[in-house]
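Written below as C-alpha coordinates is the structure these notes are about.
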Amino acid sequence: MTEQPQEHRVEITVPPDHEVGVYAGFASVWRTPDSFVIDFSTAVRPPEVMQDTESGASYVHVPAQVVSRVRIPPSQVWELMKALEQNLSAYERESGKSAHDDG
(Lines give C-alpha, C1' and ligand atoms only; values in the text may rest on other atoms or scores of the structure.)
Protein backbone atom coordinates (compact mmCIF):
# COMPACT_ATOMS: atom_id res chain seq x y z
CA MET A 1 0.00 0.00 0.00
CA THR A 2 1.42 3.36 -1.06
CA GLU A 3 1.07 6.20 1.38
CA GLN A 4 -0.37 9.41 -0.09
CA PRO A 5 1.77 12.53 0.38
CA GLN A 6 0.35 14.89 2.95
CA GLU A 7 -1.08 18.23 1.88
CA HIS A 8 1.22 21.19 2.52
CA ARG A 9 -0.34 24.29 4.05
CA VAL A 10 2.03 27.23 4.16
CA GLU A 11 1.10 29.97 6.62
CA ILE A 12 2.51 33.27 5.43
CA THR A 13 2.92 36.12 7.87
CA VAL A 14 4.05 39.64 7.10
CA PRO A 15 6.17 41.43 9.68
CA PRO A 16 4.49 44.65 10.87
CA ASP A 17 7.23 46.83 9.37
CA HIS A 18 6.50 45.30 5.92
CA GLU A 19 2.68 45.43 5.99
CA VAL A 20 2.42 48.72 4.10
CA GLY A 21 4.81 47.54 1.39
CA VAL A 22 6.79 49.76 -0.96
CA TYR A 23 5.85 51.32 -4.27
CA ALA A 24 7.73 50.17 -7.37
CA GLY A 25 7.10 51.76 -10.75
CA PHE A 26 8.79 48.95 -12.65
CA ALA A 27 10.67 45.70 -12.26
CA SER A 28 13.59 44.06 -14.00
CA VAL A 29 14.24 40.34 -14.09
CA TRP A 30 17.59 38.62 -14.40
CA ARG A 31 19.02 35.26 -13.40
CA THR A 32 21.99 33.49 -11.96
CA PRO A 33 22.70 29.76 -12.34
CA ASP A 34 20.65 29.02 -9.20
CA SER A 35 18.01 31.77 -8.93
CA PHE A 36 15.83 34.27 -10.72
CA VAL A 37 16.12 37.80 -9.39
CA ILE A 38 13.40 40.45 -9.58
CA ASP A 39 14.49 44.00 -8.82
CA PHE A 40 11.53 46.24 -8.03
CA SER A 41 12.52 49.85 -8.61
CA THR A 42 11.18 53.38 -8.55
CA ALA A 43 12.34 56.57 -10.23
CA VAL A 44 14.22 58.90 -7.88
CA ARG A 45 14.29 62.01 -10.09
CA PRO A 46 12.44 63.12 -13.20
CA PRO A 47 13.73 61.69 -16.49
CA GLU A 48 16.14 63.90 -18.41
CA VAL A 49 17.38 63.91 -21.99
CA MET A 50 21.10 63.14 -22.20
CA GLN A 51 23.63 62.49 -24.93
CA ASP A 52 25.74 59.40 -25.29
CA THR A 53 29.38 60.52 -25.14
CA GLU A 54 30.54 57.94 -27.68
CA SER A 55 27.79 58.02 -30.31
CA GLY A 56 26.31 61.46 -29.67
CA ALA A 57 22.83 59.90 -29.71
CA SER A 58 20.20 61.38 -27.43
CA TYR A 59 18.44 59.20 -24.89
CA VAL A 60 16.14 59.60 -21.91
CA HIS A 61 17.97 58.92 -18.64
CA VAL A 62 15.72 57.64 -15.84
CA PRO A 63 17.55 57.53 -12.49
CA ALA A 64 16.01 54.75 -10.41
CA GLN A 65 16.63 52.90 -7.19
CA VAL A 66 15.86 49.31 -6.26
CA VAL A 67 13.33 49.28 -3.42
CA SER A 68 13.23 45.51 -3.11
CA ARG A 69 15.24 42.63 -4.57
CA VAL A 70 13.60 39.21 -4.53
CA ARG A 71 15.42 35.98 -5.37
CA ILE A 72 13.43 32.85 -6.16
CA PRO A 73 14.56 29.36 -7.16
CA PRO A 74 13.91 28.36 -10.79
CA SER A 75 11.32 25.83 -9.58
CA GLN A 76 9.12 28.71 -8.33
CA VAL A 77 9.11 30.79 -11.55
CA TRP A 78 6.27 28.81 -13.14
CA GLU A 79 4.15 29.08 -9.98
CA LEU A 80 4.76 32.84 -9.86
CA MET A 81 3.77 33.21 -13.53
CA LYS A 82 0.56 31.22 -12.96
CA ALA A 83 -0.35 33.29 -9.89
CA LEU A 84 0.28 36.56 -11.76
CA GLU A 85 -1.84 35.42 -14.71
CA GLN A 86 -4.71 34.30 -12.46
CA ASN A 87 -4.67 37.58 -10.54
CA LEU A 88 -4.35 39.70 -13.69
CA SER A 89 -7.32 37.91 -15.25
CA ALA A 90 -9.38 38.45 -12.09
CA TYR A 91 -8.37 42.15 -12.00
CA GLU A 92 -9.44 42.61 -15.63
CA ARG A 93 -12.77 40.82 -15.02
CA GLU A 94 -13.54 42.79 -11.86
CA SER A 95 -12.42 46.22 -13.08
CA GLY A 96 -13.61 45.87 -16.66
CA LYS A 97 -10.32 47.17 -18.00
CA SER A 98 -6.99 45.82 -19.15
CA ALA A 99 -3.89 46.24 -17.01
CA HIS A 100 -2.34 47.86 -20.11
CA ASP A 101 -4.85 50.73 -19.65
CA ASP A 102 -3.06 51.77 -16.44
CA GLY A 103 0.35 52.26 -18.14
Side-chain angles (χ1 to χ4, degrees):
M1 182 158 112
T2 305
E3 196 173 307
Q4 294 291 326
Q6 289 189 330
E7 174 186 14
H8 287 92
R9 295 185 181 181
V10 178
E11 180 180 341
I12 298 173
T13 59
V14 179
D17 60 330
H18 284 68
E19 284 180 349
V20 174
V22 295
Y23 176 79
F26 57 94
S28 62
V29 179
W30 52 284
R31 66 189 181 287
T32 67
D34 58 351
S35 66
F36 280 74
V37 182
I38 307 169
D39 284 336
F40 294 94
S41 303
T42 188
V44 293
R45 288 189 308 279
E48 57 185 331
V49 176
M50 299 189 79
Q51 254 189 331
D52 184 282
T53 56
E54 291 183 21
S55 69
S58 294
Y59 64 96
V60 177
H61 175 71
V62 181
Q65 182 172 337
V66 171
V67 295
S68 182
R69 173 171 284 173
V70 178
R71 296 177 185 270
I72 60 173
S75 62
Q76 287 298 302
V77 172
W78 181 246
E79 296 303 317
L80 176 62
M81 290 175 56
K82 287 192 311 187
L84 286 169
E85 192 283 325
Q86 290 170 352
N87 279 277
L88 178 59
S89 293
Y91 168 82
E92 290 176 334
R93 270 193 316 277
E94 293 164 8
S95 69
K97 61 181 179 176
S98 169
H100 286 292
D101 297 343
D102 290 341

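Values below: all heavy atoms of this structure, side chains included; hydrogens, waters and symmetry mates excluded.
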Any residue meeting side chain to side chain donor-acceptor pair (under 3.5 Å) with [X], in chain and number order, not counting sequence neighbours:
X	answer
Glu85	Ser89
Ser28	none
Ser55	Asp52
Trp30	Asp39

Please determine whether residues Leu88 and Leu84 belong to a single hydrophobic cluster, defined as Ile, Leu, Val, Met, Phe, Trp and Tyr linked transitively by side-chain heavy-atom distances below 4.5 Å.
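Looking at the clustering, Leu84 is in a separate group from Leu88.
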By the rule that ILVMFWY residues connect when side-chain heavy atoms come within less than 4.5 angstrom, directly or transitively, which residues belong alongside Val66?
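Same cluster as Val66: nobody, lone residue.
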Residues that [X] engages under side-chain contact (heavy atoms from CB on, under 4.5 Å), provided they are two or more places apart:
X	value
Pro63	Val44, Arg45, His61
Val70	Phe40, Ser68, Ile72
Thr53	none
Pro73	Ser75, Gln76

Which residues satisfy the salt bridge (charged side-chain N to carboxylate O under 4.0 Å, His left out) test with Glu79, sequence neighbours excluded?
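Per chain and number, Glu79 pairs via salt bridge (charged side-chain N to carboxylate O under 4.0 Å, His left out) with Lys82.
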How would you list, by chain and number, every residue that makes a salt bridge (charged side-chain N to carboxylate O under 4.0 Å, His left out) with Arg9, sequence neighbours excluded?
Glu7
Pair up each side-chain donor or acceptor in residues 14-24 with any protein partner under 3.5 Å, not counting sequence neighbours, and list the distances.
none

Return the minimal non-hydrogen interatomic distance between [X] and [Y], and the atom names on each side.
X	Y	answer
Gly56	Gln51	O-NE2, 3.1 Å
Phe26	Ala43	CE2-N, 4.3 Å
Tyr91	Lys97	OH-CE, 3.3 Å

Mind checking the CG-CD spacing from Asn87 to Glu92? Nearest 0.5 Å is all I need.
11.5 Å
